[in-house]
Structure formats: C-alpha cells, structure tokens
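Report on the structure given below.
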Amino acid sequence: MIRTRFSVLADIATYVAALVIAAFFLIPLAWLVSLAVRTPQEIFFGASRFIPENPTLANFGQVLTDTGFLTYLWNGLKLSGLGALGAVLVAAPAAYAFSRLNFRGRSGLMMAILAVQMVSGLVILIPLYRYMGRLGLLESHVGVTAIYVAIGLPITVWLLKTAFDGVPIVLEEAAAIDGYKRLETFIRITLPLAGPGIASALILNMILNWSQFLVPFIMLTESSKWPISVAIYNYAGSTTATTTHLLAAACLIALVPAIVAFLLLQRAIVSALTAGAIKG
Amino acid sequence: MTDRKVPMPTGTDYGSRHNPMPGISASPWPWLAPVLVVIGVFYLYPILDALRLAFTNASLTGGGEQYTTRSLQWVMSNPALPTVLSNTAVFTIASVVGQQLLGLGIALLVIRGERNKLPGMLLLRTIVLAAWVVPGIANGIIWSMLFSESPFGAINSVLRLLDLPPVAWLSNPANAMMSAIIANIWQGTAFSMIVLYAALKTIDPALYEAAAVDGAKPWERFWFITLPQMRAALLVNSILITIQTLNTFDTIIALTGGGPGRATEVLSLFAYNTVFYSFDLAGGSVLSIVLLAISLALAALYALFLPRREADQ
C-alpha cells in the first residue's frame, strides 16, 4: 500500500522533471519558429505574441528567393555529402584491417587514430590555409571537402570497425574457400553486409559536416561558394532588429534538414554515437 | 575442413593452408595506407608546421619569414592572455560540469521512466537530442534571440509580462559568460545524455538486487553502485566534451562575438582572431600550439583516473 503510493508519487515527480527538461530543450526551437512566422510588426510584441495573430510563411519565401539561400543549402548539402562519402571511402579499408587482421601495434594504432580527434581544427587550419593558397584551393569546394574528410576520419574508422565486427567471419571464410581474394571478399561480402553500419557512419558524418563552420568560413570568402552555416552567420551580421523575422526563417531553414535527417534515422545515429563513445 | 583442398589464390595473403581466413600473415599496411596518408598530410605535417611557424615572424599576408622567438614573447606577454585563459577555464569547466550533470540527470530519469513503463520517455530523449544536431552557429543565433535585450527578446519580454526588471544578458560582461555557457549546455547535453544512458544500461541489475536485499536506500544505491560503475563512461565522456568545448567557438562567435570587450573571448577564438584579423600567423600558431598542449595535458590527466581495463583497450 505504502509502496504503491510512493511509486505513484515518484512517477509524478518523474513526469514533472521530464516536463521541465522538455521545456528547456523545446522552448528555444519553439521561439525560433514563432519569430520565423511573424510579420515584422508582430516581432515587437515579444513573448505576448508567442502564437502570432497573423502567421505567415512569406519570410521563408523571401529568404529563399532574395538572398541566395537555395545556393547555400545546395553548397552545404554537397560539401557534407562529399565529405562524408570521402571519409567512409578512406576509412573503410583501415577499419577492415582493424577488425579482421591481426598485427602488431593494432590497438596502439587505433588509439593513435582516435587521439587525432583531440587536435583542434584551428591548429591544422592555420598551416593548411597557406598550403591551400599555394595549391590554388582556397575558394574551392575541393579543398574544403578534403579537410572535411580528414576531420571525419578518426570517428569513421571506429564506427566502421564496429560495423565490420558485426559481420560474421564464417561468411568471409566461406568466400575464401570459394576462392575469393581478400579484397574481393571485402568488397563483395563484408561491405554489403555492413551496410546499415556504413549508412549510419555516412549520416553521422553528414550531420557533423552540416554543422561545420570554421573550415568553410576560413577557406571560402566568395559568397556563392558558402555552405549554409557560413551564410547564416554573415546574414546575422547584416540583419537588424527590423529583419529579425527573416533571420529566424533563415536559421530555421539551416537546421531543419539536420533535424529531419536526425528524426528519420534516430536509432542508427544513437547507436553510432554510443558505439563511438563507449568503445572509445 | 583441413583436408579440403582450398583453391589458393596467387600470392600468399591467405597464409596457412589450414586456416582459410587467417589474417595473421596478411599485411595490414595496404589497407591502412589511405588513412595514414590523409592523417599525415592533414594532421601530422600541419602540426609540425604550426610548431615551426610559432618560432618565426610569419604573417598571413606573406613576406619573408625569419626564425625568432619574438612571437612567442609577444603572445606570452600579451596583456589579454590572462583574461582569455581564465575565460577559457570558466567556459570549459562550467560547460563540462553542466553537460555531465544535466546529461546524467536526464539519463537517470529516462531509465527510471522506462523501468516503470512510463510512456513518453523516447519523446523526451528525442527532444533533447534534437538540440544536438543544431549547428553551432544556429545555436548562437537562436540564443541571441532568446537573450536579446530589445523588446522582442524572449526572456526579457517574459520578465516584462511578469512585471520583473529586464536582465542585461549579453551586454553585462558577467552575464554574457553565463549566457554563453547556458547556450553551450543546451546544445551539448544530448551527447552526455546518450553516452551515460548507454553506460547505465550496461550496469548489471544483480548489483541493485543485492543492494535491495541489504536494504540500501536509493541514494546509497546511486552512490555505491551507479557512480562507481559509471566511472569509465564519465571520464571518457569528460575527455571528449572538454576537448570539444576547448576547440570550438561557433556558438560564442554567433552569440557574443567574444564580447562585450573580451568577456567571452576564449582561447580558440583568440587564436582565430590573431591569425585572421591581425594577420599574425606566427602568434596564432603559438596560441594554437598552446591549445593543443592544454588538450593533450587534460586528456592525459583524465586517462590517469581511468580504470585499468579501459586504459588497456
């Protein structure tokens, strides 16, 4: 009797805490949506018009047509996608070796690759900015993509190793008996079977690249080359109080693709995150 | 199986005939080469070059370079450095502690909810995680709208509705740091939550059953079972988010730009400004090496406290 009353109280406390937490995490996003659908007049009513009287989608139209945000969205998607693809392609063979081959210094080398993650992008960008300048790769998506590949590599190696660990080795043994060479086995057996793990590594890389600011901000000064993160930063610098509704719309446009990708693939992303962190 | 004739490919990378997938004799280097080349070109060489540049008078605008320790002296005697370092310490410590505590709290809450079959826990987790995918720049812009001191600032306009005085969230130096920390915790907590949630799930329930038999109170179970079992996860997570917090300034540059004055200028932003606003490549290299040294020192410090087993892996 007492026990049940206690557990009911505890359940209520759980929900109260959950509500407070949900509010803390939702309100900033809700506020952004609220500002993004207001008319310029209603912006100045502040919180009293949290739900606007005359909601409008015109702000999104204006941002997308007037300010080149379609180009920025495309640049962002292109850079994130190519960077993610590159990281997976470069990381896959190494991840396979870490998963399947026994060699001296294997665990030490894996830790070293993970330790590379500790290096701030800033440390490498200062010298890289000069090399890229000499190679004529400033203002180019090639240069930015290459740096994205390098930055995404450590975590990708770990994620793919975990994915390959999950492929039953007997299938590879069977392929070897059938006369497959190791490279053939890797490409025709292991890679397809590790498909889901590879896909979540790709998506996680894309989301991280989508957020990437420093690299394109330093490497690209021509506005037509900017991905969306750099574009909204510069847009924020050029807006004033009277255009807050447009900045809110632009900001929402920048984060909707990431949130949608996350909602669709939540399970894969969560397992990729925990695999990377717990094993690390 | 050993009797079966295995068609051996040319080359002996399959090793012993008795084991069709031995792996032991196959050379790993062709497989590792792409990763090692990329890391060499994009990490090792640049780090060495940054180290070299720190001892020159190199400028971003070019010109002849000479080896000198002037940049090093200039950076170390720069009157802004103590402020920047203390900002960095405050921002990093408060962010890491805040993200760990809030992340652990939410993880415990979600686990409790799931254990008691309360609906809505997945939704709570999803809401928290949604903040994590918000790009750092967007995070700074969103919070600048919340903290805005103009009539439409979210928090101040709520305060006004409640007849409370407005707060100078961003224009007062002391508040600006707190605001930046709140924005950073909002975005970063999800990562801690998910890591700690996964770690909580791996704790053997038998430990709790034994404790219940012994009549342990809830806080005793938390203190003597949960926390010790979570030690490795908490430490690894601390390393990851400390380094992450030290190395990024996306949120700060969009929220306060490092101001007012230097009130929220952290080391990474200071290094960036030195190179790309003052064009002082050498000075920026010195600062970025300092940043790297701090990261490595902290990671080593945390690693000392790792349980032996994890440290070996």
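Just the heavy atoms: all of them, side chains too, but no hydrogens, waters or symmetry mates, feed the values below. Residue numbering restarts at 1 for every chain, and letters A, B, ... go by the order of the sequence lines.
Per-residue heavy-atom pair counts under 4.5 Å with chain A were compared for B/Ile141, B/Val158, B/Leu292, and the maximum is reached by B/Ile141. Ranked by heavy-atom pairs under 4.5 Å with chain B, the first of A/Leu252, A/Ile232, A/Leu35 is A/Ile232.
Looking at A/Leu263, the atoms closer than 4.5 Å to chain B (heavy atoms on both sides) all sit in the side chain, from C-beta outward. Looking at A/Ala87, there are no atoms closer than 4.5 Å to chain B (heavy atoms on both sides), in backbone or side chain. If you measure heavy-atom distances from A/Ala10 to chain B, the contacts under 4.5 Å come from both the backbone and the side chain. Residue contact with chain A, scored on non-hydrogen atoms closer than 4.5 Å, involves the side chain of B/Thr189 exclusively. Contact of A/Ile253 with chain B is not made at all, since no heavy-atom distance falls under 4.5 Å. Heavy-atom distances place no part of A/Leu19 under 4.5 Å from chain B, backbone and side chain included. With a 4.5 angstrom heavy-atom cutoff, A/Ala115 does not touch chain B via any of its atoms. B/Arg52 touches chain A through its side chain: at least one heavy atom from C-beta onward sits under 4.5 Å away, while N, CA, C and O do not. Only the side chain of B/Val275 comes within contact range of chain A, with at least one heavy atom under 4.5 Å from a heavy atom of that chain. With a 4.5 Å cut-off on non-hydrogen atoms, B/Leu32 touches chain A through its backbone and its side chain both. For A/Phe262, the part sitting under 4.5 Å from any heavy atom of chain B is the side chain, from C-beta outward, and nothing else.
Annotation: side chain of B/Phe249 is in contact with side chain of A/Leu214 (closest heavy-atom distance under 4.5 Å).
In summary, the aromatic rings of B/Trp31 and A/Phe186 are positioned with their centroids under 6.0 Å apart. Ring-centre distance between A/Tyr129 and B/Phe276: below the 6.0 Å cut-off.
Once rounded to the nearest 0.5 Å, the distance linking CZ of A/Arg130 with CG of B/Leu53 reads 5.0 Å.
B/Trp143 and A/Phe24 have tilted rings, their planes meeting at an angle from 30° to 60° on a 0 to 90° scale.
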